[in-house]
Novice: 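One structure, as structure tokens, below. Some questions next.
Proteins get letters first, then strands, A, B, ... in listed order; numbering begins at 1 in each.
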Number of protein chains: 2
Amino acid sequence: MNILIVEDTKELAVELIDYLSKSGYICKWAATCESALEEAEVNQYDAMLLDLGLPDGSGFDVLKSVRKAKSKMAVIVITARGELDDKINGLELGADDYLTKPFALTELGARLYAVIRRIHGFAVNELDVHGFKIQLQDYKVSFKENPIALTKKEFDIFQYLVLNKNRVITRLQLTEHVWGDVLEVSSDSNFIDVHVRNLRKKLDKHASIEWFETVRNVGYRIIS
Amino acid sequence: MNILIVEDTKELAVELIDYLSKSGYICKWAATCESALEEAEVNQYDAMLLDLGLPDGSGFDVLKSVRKAKSKMAVIVITARGELDDKINGLELGADDYLTKPFALTELGARLYAVIRRIHGFAVNELDVHGFKIQLQDYKVSFKENPIALTKKEFDIFQYLVLNKNRVITRLQLTEHVWGDVLEVSSDSNFIDVHVRNLRKKLDKHASIEWFETVRNVGYRIIS
DNA sequence: CTTCAACAATCAGGATATTCATAGGAAAGT
DNA sequence: ACTTTCCTATGAATATCCTGATTGTTGAAG
């Protein structure tokens, strides 16, 4: 699950990222309306945490644009206590939930979970491809009741490819979404290939995986 | 998509090229105003990344010249934080967007995508010709639900011809846009003809391709 | 109408580049 | 300290690309 955090206070942003990363989310930080909109346009996020008071405009505009684009992203708005009047306004615009600062991180976690589930539909806990069942919550994969032991990276890769099924995912995208930061990783390495191979090997024991394609020169794609 | 990177710091340039190449762009590097202008004049680029502090003059002059030439190139200016006052000046001159160093590569990617889209006017990720569907993002081509397996070069050639349909595209243009650098490739070769043939062969299996013309002495053209 | 020269199409193999496969050591977790 | 997971390094396998020779086509000149 990918979260876009729109928050100009660096301290809070770092805190959120820290907490949510540990909860298994992949986080991206945007500090301005502009960068938030661009991010939302280019990449696909499951949810956005949106602070209203941004340096280059109101978060409401971001919310409006996002909803106009009809993306399936869940939006949780974060307000300071003084801005409570916005509450009505915001819900009308299509925010999925509200939090007033200060808030407990566990509270945020709970709402995030609920909201994502609601938006994605109840199937969000479980993805299915060709008989393989992916349980997102507890990092479990199984094929017809037979559990398959995947490492975290393998799971993350599998999950991301399945979430984006029928689209080619480049190695760069995988590094971004599974590792979070591209720069930390040496570029001319084949570590993704290795993980993909190990993943394939484990899946292949249970059933044919011809739907797990390699697109030469581009990346990988899972077809359903 | 072709990007001209105008940046005198070799390290940064290499980093940019590395990242953008992996994102599917074809990159060319110019380290000075002079070479930048020359490049922009000779070849056609979809976007330019322009650093302002260049050894032989200000990047603004490059920007001015480029805009004077009325090319459809998107320009993203890169400034150091101290040069922020230039911002107004630059936007007036016709830069499409700004980035202040240091910036995240993904941020750059997002803006580049947005800017190119705006300039070119195509939010298109699907092209259609005579029943053939080209999905640009996913590197997929199909004819009436039947997928067609193309290699990357074949795909690139097909895509470029369709993007420029009803126009004759020379072999030189194709080498520039598909291979990026003309000089690396020996000129008196028929490798394009070969790729075109292979492409045609694959397409022809599904339907007549009389609309895929050869224009003698000039190049190829797809008519719609 | 025929000939000729320039150009394009075709084909097969060898050269190149990318991905697959495997193993071993580093790092992280228990 | 032990186990698991992750990354690096290497060679093998394979898909793609390019070369070069050959055949086919076009259009202009005679």
Novice: Starting at atom CG of A/L199, determine the distance to atom C1' of C/dT22, rounded to an integer number of angstrom.
Specialist: 17 Å
Novice: At less than 4.0 Å, is any side-chain N or O atom of A/W179 found next to OP1 or OP2 of D/dC6? Yes or no.
Specialist: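 Indeed not, no polar side-chain atom of A/W179 lies that close.
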Novice: Within this structure, what is the CG-to-P distance between A/L174 and D/dC7, rounded to whole angstrom?
Specialist: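 Nearest whole value for this atom pair: 13 Å.
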Novice: Check this for me: does any side-chain nitrogen of one of B/D193 and B/R197 sit under 4.0 Å from a carboxylate oxygen of the other?
Specialist: no
Novice: Verify the contact: side-chain N or O of A/S189 to OP1 or OP2 of D/dT8, cut-off strictly under 4.0 Å; return yes or no.
Specialist: yes
Novice: From OH of B/Y139 over to P of D/dT16, roughly how many Å is that when rounded to an integer?
Specialist: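 Those two atoms, OH and P, are 14 Å apart.
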Novice: Enumerate the protein-to-nucleotides 10-15 of chain C contacts in which both atoms are nitrogen or oxygen and the separation is below 3.5 Å.
Specialist:
| unit_1 | atom_1 | unit_2 | atom_2 | d |
| --- | --- | --- | --- | --- |
| C/dT10 | O4 | B/N190 | ND2 | 2.7 |
| C/dC11 | OP2 | B/R197 | NH1 | 3.2 |
| C/dC11 | OP2 | B/R197 | NH2 | 2.6 |

Novice: Among pairs that include at least one residue of residues 201-210 of chain B, which meet side-chain hydrogen bond (donor to acceptor under 3.5 Å, both in side chains), considering only residues two or more places apart or in two chains?
Specialist: B/E154-B/K202
Novice: With side chain to side chain donor-acceptor pair (under 3.5 Å) as the test, would you mind laying out the steps for A/Y160 and A/Q173 before giving the verdict?
Specialist: CA-CA 10 Å; A/Y160 191 63; A/Q173 285 175 299; 4.8 Å; no
Novice: Return the minimal non-hydrogen interatomic distance between B/S65 and B/L37, and the atom names on each side.
Specialist: CB-CD2, 3.5 Å
Novice: Can you find a side-chain donor-acceptor pair between A/E39 and A/Y45 that sits under 3.5 Å?
Specialist: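 Note: A/E39 and A/Y45 side chains meet the donor-acceptor criterion.
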Novice: Atom pairs, N/O to N/O, protein against nucleotides 22-27 of chain D, distance under 3.5 Å?
Specialist:
| unit_1 | atom_1 | unit_2 | atom_2 | d |
| --- | --- | --- | --- | --- |
| D/dT25 | O2 | B/R216 | NH2 | 3.3 |

Novice: What are the two closest heavy atoms between A/F132 and A/L203, and how far apart are they?
Specialist: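 Shortest heavy-atom separation between A/F132 and A/L203 comes out as CZ-O, 3.5 Å.
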Novice: Measuring to OP1 and OP2 of C/dC20, would you say a side-chain N or O of A/T214 lies under 4.0 angstrom away?
Specialist: yes
Novice: Rounded to whole angstrom units, what separation is found between the CG atom of A/N198 and the C1' atom of D/dT5?
Specialist: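 Between C1' of D/dT5 and CG of A/N198: 10 Å.
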Novice: Without swapping roles, check the side chain of B/R167 against the backbone of B/L161 for a donor-acceptor pair under 3.5 Å.
Specialist: no
Novice: B/D51 side chain to B/V77 main-chain N or O, any donor-acceptor pair under 3.5 Å?
Specialist: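 Checking the backbone N and O of B/V77 against the side chain of B/D51, no donor-acceptor pair under 3.5 Å is found.
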Novice: What are the two closest heavy atoms between B/P147 and B/S142, and how far apart are they?
Specialist: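 Closest approach of B/P147 to B/S142, heavy atoms only: CA-CB, 4.0 Å.
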Novice: Rounded to the Å, how far apart are A/L150 CG and D/dT4 C1'?
Specialist: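 One finds 14 Å between C1' of D/dT4 and CG of A/L150, rounded.
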Novice: I would like to know whether B/V6 and B/L49 meet side-chain contact (heavy atoms from CB on, under 4.5 Å); could you show each step before the answer?
Specialist: CA-CA 6 Å; B/V6 187; B/L49 299 184; over 6 Å; no
Novice: C/dA8, D/dT8, D/dC18: which one has an atom nearest the side-chain heavy atoms of B/H195?
Specialist: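 Nucleotide nearest to B/H195's side chain: D/dC18.
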Novice: Please tabulate, one pair per line, each protein N/O and nucleotide N/O from nucleotides 25-30 of chain C that are separated by under 3.5 Å, including the distance.
Specialist:
none

Novice: In whole Å, what is the span from the NZ atom of B/K152 to the C1' atom of C/dT18?
Specialist: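 My rounded result for the distance is 12 Å.
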Novice: Considering all heavy atoms of both residues, which atom of A/L174 and which atom of A/W179 are nearest to each other, and what is their separation?
Specialist: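 Taking every non-hydrogen atom into account, O-CE3, 3.8 Å.
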Novice: Rounded to whole angstrom units, what separation is found between the CZ atom of B/F191 and the C1' atom of C/dA9?
Specialist: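 It is 16 Å, rounded to the nearest whole Å.
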Novice: To the nearest 10°, let me know how far the axis at one end of the helix from C/dC1-D/dG30 to C/dT30-D/dA1 is tilted from the axis at the other, five pairs an end.
Specialist: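 Here the helix ends are tilted 30° relative to one another.
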Novice: If we ignore hydrogens and angles and just use 3.5 Å, is the side chain of A/D156 paired with the main-chain N or O of A/V178 as donor and acceptor?
Specialist: no
Novice: Whole Å only: how far is the CG atom of B/N217 from the P atom of C/dA6?
Specialist: 11 Å
Novice: Examine D/dA15: is either OP1 or OP2 under 4.0 Å from a nitrogen or oxygen in the side chain of B/T151? Give yes or no.
Specialist: no
Novice: Reckon B/Y220 has a side-chain N or O less than 4.0 Å from the OP1 or OP2 of C/dC7?
Specialist: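 No, B/Y220 has no side-chain N/O under 4.0 Å of OP1/OP2 on C/dC7.
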Novice: Hey, mind stepping through A/T9 and A/E11 against side chain to side chain donor-acceptor pair (under 3.5 Å) and telling me if it holds?
Specialist: CA-CA 6 Å; A/T9 315; A/E11 282 182 344; over 6 Å; no
Novice: Scan the side chains in residues 215-224 of chain B for donor-acceptor partners under 3.5 Å anywhere in the protein, sequence neighbours excluded, and list what turns up.
Specialist:
| unit_1 | atom_1 | unit_2 | atom_2 | d |
| --- | --- | --- | --- | --- |
| B/Y220 | OH | B/R171 | NH2 | 3.3 |
| B/R221 | NE | B/E213 | OE1 | 3.0 |
| B/R221 | NH2 | B/E213 | OE1 | 3.0 |

